[in-house]
Amino acid sequence: MIRVLIADDQAMVRQGFGALLAAQPDLLVVGDAADGAQAVAQARRLDPDVVLMDVRMPVLDGLAATRKLLGDRPTDRPRVLILTTFDLDDYVYEALRAGASGFLLKDAPAADLIHAVRVVAGGDALLAPTVTRRLIAEFAARPHRQRPRPTALAALTPRETEVLRLIAQGWSNGEIAAELVVAEQTVKTHVGRILAKLQLRDRAQAVVLAYETGLVAAGE
């Protein structure tokens with residue numbers, strides 16, 4: 001069972017999402033929270049696999065709550081799926097930078113929400129190439145600064161470095177496999193090793209790291 005915590009300041013939203021997820025045989029809603037501070041406290045107490053985190057909440061907003069929750073957690077749990085009505089680049093970037101594993105609009109179809117919970121619970125990032133390209137645009141709009149690469153990047157093989165660079169440019173596993181003329185499973189293996197070596201939760205964090213360290217420059 002995938003244990004889910006729902007954090008949203010609107011009771012009807014919490015109840016609606018709760019009913020939708022509870023109807024799935026593999027999902028269990030273990031609790032809810034009306035603000036970011038409650039979300040952090042409930043997550044620490046209930047130990048969910050996934051936290052559905054609204055962005056705009058009182059006391060502590062969803063981005064601050066995500067940073068607080070994930071900043072002191074060395075493990076992969078919980079994974080945070082950001083929910084918002086605002087399709088803004090700043091939210092996408094800040095949510096991923098805070099350590100969230102995905103970003104979903106509240107008006108997405110019910111099937112997308114269910115799929116998103118399963119994806120992030122399984123250890124993958126809900127980060128489509130279109131979202132990656134928006135993240136790239138965010139970096140492109142910022143003044144260019146030379147950033148030292150962390151020594152951890154030295155642990156990557158040349159092929160792993162190449163795969164990380166393509167991930168950061170918005171390429172899917174299938175596209176990377178075609179470009180490098182290898183099987184898609186081989187790409188997945190490379191991605192797994194990259195995440196392990198860099199101690200990253202998922203693909204989303206890999207994209208952010210690649211740009212913030214200067215491995216890839218906006219516009220490449």
Which pairs of donor and acceptor atoms, one on a side chain in residues 180-198, lie under 3.5 Å apart (sequence neighbours left out)?
{"residue": "T189", "atom": "OG1", "partner": "Q185", "partner atom": "O", "Å": "3.1"}
{"residue": "K197", "atom": "NZ", "partner": "A155", "partner atom": "O", "Å": "3.1"}
{"residue": "K197", "atom": "NZ", "partner": "E160", "partner atom": "OE1", "Å": "2.9"}
{"residue": "K197", "atom": "NZ", "partner": "E160", "partner atom": "OE2", "Å": "3.4"}

[X] and [Y]: which non-hydrogen atoms are nearest, and at how many Å?
X: R118; Y: L27; value: CG-CD2, 4.4 Å
X: V40; Y: A65; value: CG2-O, 3.6 Å
X: V30; Y: P48; value: CG2-CB, 4.2 Å
X: A100; Y: T66; value: N-CG2, 4.1 Å

Would you be so kind as to tabulate the donor-acceptor pairs closer than 3.5 Å made by side chains of residues 11-21, with sequence neighbours excluded?
{"residue": "R14", "atom": "NH1", "partner": "D8", "partner atom": "O", "Å": "2.6"}

Side chain to side chain contact (heavy atoms under 4.5 Å, CB included) with [X]: which residues, sequence neighbours excluded?
X: D9; value: D54, M57, P58
X: A39; value: A7, A33, M53
X: A108; value: L104, D112

Looking at [atom1] of [X] and [atom2] of [Y], how far apart are the two atoms once the value is rounded to the nearest 0.5 Å?
X: L209; Y: Q199; atom1: CG; atom2: CD; value: 11.5 Å
X: L156; Y: T161; atom1: CG; atom2: OG1; value: 4.5 Å
X: D26; Y: I2; atom1: CG; atom2: CD1; value: 5.0 Å
X: Q42; Y: D47; atom1: CD; atom2: CG; value: 12.5 Å
X: L81; Y: L113; atom1: CG; atom2: CG; value: 7.0 Å

(request) Using the test salt bridge (Lys or Arg N to Asp or Glu O under 4.0 Å), find all partners of D61 that sit at least two apart in sequence or belong to another chain. (result)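 Scan of D61 (salt bridge (Lys or Arg N to Asp or Glu O under 4.0 Å), adjacent residues dropped) gives none.
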(message) I'd like to check the salt bridge (Lys or Arg N to Asp or Glu O under 4.0 Å) partners of E162; sequence neighbours left out, ordered by chain and number.
(response) R159
(request) Treating Ile, Leu, Val, Met, Phe, Trp and Tyr as nodes and any side-chain heavy-atom pair under 4.5 angstrom as an edge, say whether L70 and V59 lie in one connected cluster. (result)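 No; tracing contacts between hydrophobic side chains, which count when under 4.5 Å, never links both residues.
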(request) Would you please name every residue forming a side-chain hydrogen bond (donor to acceptor under 3.5 Å, both in side chains) with Q10, sequence neighbours left out? (result)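 By the side-chain hydrogen bond (donor to acceptor under 3.5 Å, both in side chains) rule, Q10 matches no residue at all.
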(message) By the definition side chain to side chain contact (heavy atoms under 4.5 Å, CB included), identify the one residue from L5, V51, V50 that meets it with P78.
(response) V51
